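Because the structure is a prediction, the values reported are computed rather than measured. Throughout, a chain's letter reflects where its sequence line sits, starting with A, and its residues are numbered from 1.
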Number of protein chains: 4
Amino acid sequence: MDNAKPTSLTWKEKLHEIIYEADTPSGKLFDVVLLVAILASIILVMLESVESFDKKYHNFLNISEWIITILFSIEYIARIITVKKPWKYIFSFYGIIDLLSTIPKYLSFIFIGSHHLAALRALRLLRIFRILKLARYIGASNRLLFALKASKAKISVFLFFVVILCVILGTVMYMVEGEENGFTSIPRSVYWAIVTLTTVGYGDIAPHTPFGQFLASIIMILGYGIIAIPTGIVSSEMTKATATDIHMNTQSCPNCTKENHKDQAEFCYNCGHQLNP
Amino acid sequence: MDNAKPTSLTWKEKLHEIIYEADTPSGKLFDVVLLVAILASIILVMLESVESFDKKYHNFLNISEWIITILFSIEYIARIITVKKPWKYIFSFYGIIDLLSTIPKYLSFIFIGSHHLAALRALRLLRIFRILKLARYIGASNRLLFALKASKAKISVFLFFVVILCVILGTVMYMVEGEENGFTSIPRSVYWAIVTLTTVGYGDIAPHTPFGQFLASIIMILGYGIIAIPTGIVSSEMTKATATDIHMNTQSCPNCTKENHKDQAEFCYNCGHQLNP
Amino acid sequence: MDNAKPTSLTWKEKLHEIIYEADTPSGKLFDVVLLVAILASIILVMLESVESFDKKYHNFLNISEWIITILFSIEYIARIITVKKPWKYIFSFYGIIDLLSTIPKYLSFIFIGSHHLAALRALRLLRIFRILKLARYIGASNRLLFALKASKAKISVFLFFVVILCVILGTVMYMVEGEENGFTSIPRSVYWAIVTLTTVGYGDIAPHTPFGQFLASIIMILGYGIIAIPTGIVSSEMTKATATDIHMNTQSCPNCTKENHKDQAEFCYNCGHQLNP
Amino acid sequence: MDNAKPTSLTWKEKLHEIIYEADTPSGKLFDVVLLVAILASIILVMLESVESFDKKYHNFLNISEWIITILFSIEYIARIITVKKPWKYIFSFYGIIDLLSTIPKYLSFIFIGSHHLAALRALRLLRIFRILKLARYIGASNRLLFALKASKAKISVFLFFVVILCVILGTVMYMVEGEENGFTSIPRSVYWAIVTLTTVGYGDIAPHTPFGQFLASIIMILGYGIIAIPTGIVSSEMTKATATDIHMNTQSCPNCTKENHKDQAEFCYNCGHQLNP
């Protein structure tokens, strides 16, 4: 590490480059390794929850968990050392998640005999959120997010309307079907209305009286029509977002080289120079 | 209240402003308080229907219900006093709902011993409709409603077609599956067809014969294709509604009066004249 | 009927006008009465299939059925008398349906003792198809049908692809889950795959092995993505159909009065006359 | 076969034309016959898996299977003989499938007594993939595929996001509902989350606690909103793909070379010059 001095970067700066940046080969390698480790840790948490699997391979799961915990701990310490404002990182959203994803295993070491506390498992699950960082690596999602942001207000109004509709329909069904047919309370009936209107349809609660089935039919057909609304909103926003490309014209102004002229434009909208015919 | 006289508004006018208008600070506050009260009353009605909860917290629910009932009664009286044409309000849609949302609790007081009549509960549920007034507070829903109104005729034709299709498919399935497989009557079979075509799929009634399952498969694939229609209708209407705005710019050229300039345009695309900044 | 002679139309022509045309008041009335009769007959057939209802109101149902049957018979005879080419009508699609919707009841009269033959009920159901004539009364459905016709080829390719996918996925699941988990045969597994991919999800057959559930998850997410395709097809066709209106311009040519000019048009596309600025 | 010499093509070339090309009448006939044979073989494999059917018609199924196997073998040999580079075909994707679709039946002949090995059945199923060649015959699918390719990146991002969401929601529900309500492990809970979010809703696993049902309701409403996204993506891509065609007309004005004239245009909208008929 001392022999890093002759280079223009100190080992701290080098490590910072590897951990926080992704445009050098070693930085890319680090990201890929981290990604694999995160995915592996999620699969471990999932497999551990399968009782039959946990019984058979308890030792393997335990050791793997330790290896990943230690790796994450090293990563956590390295992040603190290399970053310029350590405290800012520690109390940032990802800083807290990074800490919480390593702590549970160490706690199981301290409190021997109680190493399967439900609370510990709960903390461990937060590690899953780490994978959300992946979004950074995907460029194609920007346009998608832009269209979604534009349609957020309309979709919120729509979902709010759906919830009100489900409360009303749920209470009506509670009165029609009654407690003897599984609609034991209004919240449960509202739950049923949501299950039906969203076309999920578990079938754990289903209307039994003819009038209840008639009402349910109307709710379903309503839901069939209603599902068109969010789709229409997103479609129109996306069409709008892509529409800028349609009427675009590949010609660039001979004077100022501006592009994106209207198809019928005869003069540049930027400098007023006549466009080539 | 008497000291309200020196101001330019009487206390009646002031109260009217608070209750019926929403652009003064006190008017806004009133609306928010009312909204919270309505939401609380809905939650109370829902919780009361949960038997285990009602047994435990019967007194708490009862007192809360009384508080909200009295608040709603005061609001109802205040509305009658402050409005210019009281009888018109009393017999309006919201006037009747306002009355019906307070009466049931008082009736339970008069008819002691029968304070859990089903009919009373039913009246109480109408209070939920009050929340629909919320739509007034949401501006973003106007455009949504406009697109929906434009596509109402087409969607009605579509839903009418779906109902006919379900009646035909239901009767065919009634003949194919028969009463021994749960398709005990044509209305029940039509109910099943609606459950299937809308992709809800409870599973309380499901085909058992191979031919019935074959027919059901066709219905499902049909339903998969049919769901595209309402979505297509709403999408196209919304795209149409937003298409006029694309690139549009209300400015017109001072020289040739051409409109529809691009947002960044500095010169008219038709005559090359500089646009107003 | 003889006193119809002094008018310019014979009673035959008058009756033809009432039955086959819909622009005179009496013609409109006839159509509405017929519509009500058809709807009533459908409800009668449905109610008759509900055993508990049939037992209680057997006589009422029987008499109502006779009234409607006689009305339909009179209508059938009137159609034959008034039409110019009776044989063409009798062997047309609606001619055959008109006959089949009256015959079953008469047959139940001839074969006393066997008046509840399943075959008779089957013929009676065809009466439902009569309601399809309603489509004629709805003008708004034309545009919808136009867009659907344009997207028919693409949707057929899509549904064909879905069926192939379901056959492949069904056979794979048959091998993975096996007969002990309800996937007793390939056709049944294909039925399950269709139920799952179309997001109906009855739950009468569901995967039990972990690997089967993993595969099912992939199928569901696939189905979630696939449902976008028919919707996209119809949406784009409808947007295309309405797009002609968007770029339209309300100006009409001062020379030839042609309309629908492009927004930037300076000369009429029809006669070459300069358009008003 | 020898008398094929006087013609300009050898019998090998003729056979190649029939098998590999589809523009001669005999080539078309071959394709149709092959298509029917493939469909028949798929139906045979499906029927064989239905136990009750297999018992009744075992001999018929066996003989039919032999006939199709021999036909496919002849086709396979013919393809090897007529193709220019036989080894390239044999090791190509379809070459291997062609071989695998004939081998299982011959193996059942060699290993008498074990003619119903599960592995053999598995190989036989690969024959289904042959039908995918059909895509070649359908021209209308090109445009569909083009729009899908364009939206592939966005849909992949979307499905990836859905999977992450299901993992998070699944683990939360595992903690909320617990093993006593059917959420026995995290993978199973994730499976449930996928079943719910995609609105399939089998009902084999369903939340029982009030809080679990509350969370499930949120997931369903979320899923109802999320389904709009892939649809919006495909819709906008398809609208974009078809937008270029709207009104477009490849003709350019002989005077000013302006393009994009309306289909019925007779005069240039820019300079008023008559367009070529």
Side-chain angles (χ1 to χ4, degrees), chain C residues 153-154 156-158 160-161 164 167-168 171-172 174-175 179 184-190 195-196 199-203 206 208 210 213-214 216-217 220-225 227-229 231-233 235-237 239-240 243-244 247 260-262 264-274, chain D residues 42 45-47 49-51 118 121-122 125 128-129 131-132 134 138 140-141 143-144 147-148 155 158-159 162-163 187-188 190-191 194-195 197-204 227 230-231 233-235 237-239 241-243 245-247 261-262 264-274:
Chain C
K154 277 181 202 159
S156 300
V157 171
F158 166 73
F160 177 77
F161 167 74
I164 290 177
V167 169
I168 292 170
T171 41
V172 170
Y174 169 69
M175 287 159 62
E179 300 185 16
T184 50
S185 67
I186 294 178
R188 200 172 151 85
S189 299
V190 171
V195 167
T196 300
T199 75
V200 171
Y202 284 132
H208 291 102
Q213 293 183 339
F214 177 72
S217 300
M220 283 171 227
I221 289 176
L222 216 69
Y224 207 52
I227 207 166
I229 300 171
T231 313
I233 295 166
S235 290
S236 73
E237 285 301 335
T239 306
K240 198 177 159 183
T244 39
H247 300 289
N260 295 337
H261 297 288
K262 284 185 79 164
Q264 282 80 15
E266 288 176 21
F267 294 91
C268 176
Y269 66 83
N270 188 58
C271 66
H273 194 279
Q274 186 151 12
Chain D
I42 290 169
V45 172
M46 288 177 94
L47 289 177
S49 76
V50 184
E51 215 172 321
R121 280 172 171 273
L125 291 168
I128 287 166
F129 289 99
I131 212 164
L132 290 177
L134 283 171
I138 305 155
S141 61
R143 191 161 213 165
L144 192 59
L148 289 181
I155 286 193
F158 165 73
L159 290 183
V162 166
V163 170
R188 202 171 150 85
V190 171
Y191 163 71
I194 293 171
V195 167
L197 199 80
T198 57
T199 75
V200 171
Y202 285 132
D204 52 348
I227 207 166
T231 314
I233 296 166
V234 176
S235 290
E237 284 301 334
M238 288 213 161
T239 305
T242 56
D245 311 346
I246 308 173
H247 320 296
H261 299 288
K262 286 185 78 167
Q264 324 94 292
E266 287 177 22
F267 293 90
C268 177
Y269 66 84
N270 188 59
C271 66
H273 195 280
Q274 186 152 13

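Between chain C and the options D:Leu197, D:Ile227, D:Val234, heavy-atom pairs under 4.5 Å are most frequent for D:Ile227. Considering only heavy-atom pairs separated by less than 4.5 Å from chain D, the leading option among C:Ala216, C:Pro210, C:Ser217 is C:Ser217. The candidate from D:Ile194, D:Leu159, D:Val162 with the greatest count of non-hydrogen atom pairs under 4.5 Å with chain C is D:Ile194.
The closest side-chain donor-acceptor pair between C:Tyr224 and D:Thr199, if any, does not fall under 3.5 angstrom.
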Checklist entry - Where do D:Tyr202 and C:Met220 land on the side-chain contact (heavy atoms from CB on, under 4.5 Å) test, with the steps shown first? => result CA-CA 11 Å; D:Tyr202 285 132; C:Met220 283 171 227; 3.6 Å; yes

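For CD of C:Glu179, the number of neighbouring non-hydrogen atoms (other residues, nucleotides, ligands) closer than 6.0 Å is greater than 12.
Contacts between C:Thr184 and chain D at a heavy-atom distance below 4.5 Å involve the backbone alone (N, CA, C, O). D:Val190 does not touch chain C: none of its heavy atoms, backbone or side chain, sits under 4.5 Å away.
Residues D:Tyr191 and C:Gln213 come closest through the heavy atom pair CD1-O, 3.5 Å. Among all heavy-atom pairs drawn from D:Ser235 and C:Thr231, the shortest one is OG-O, 4.0 Å.
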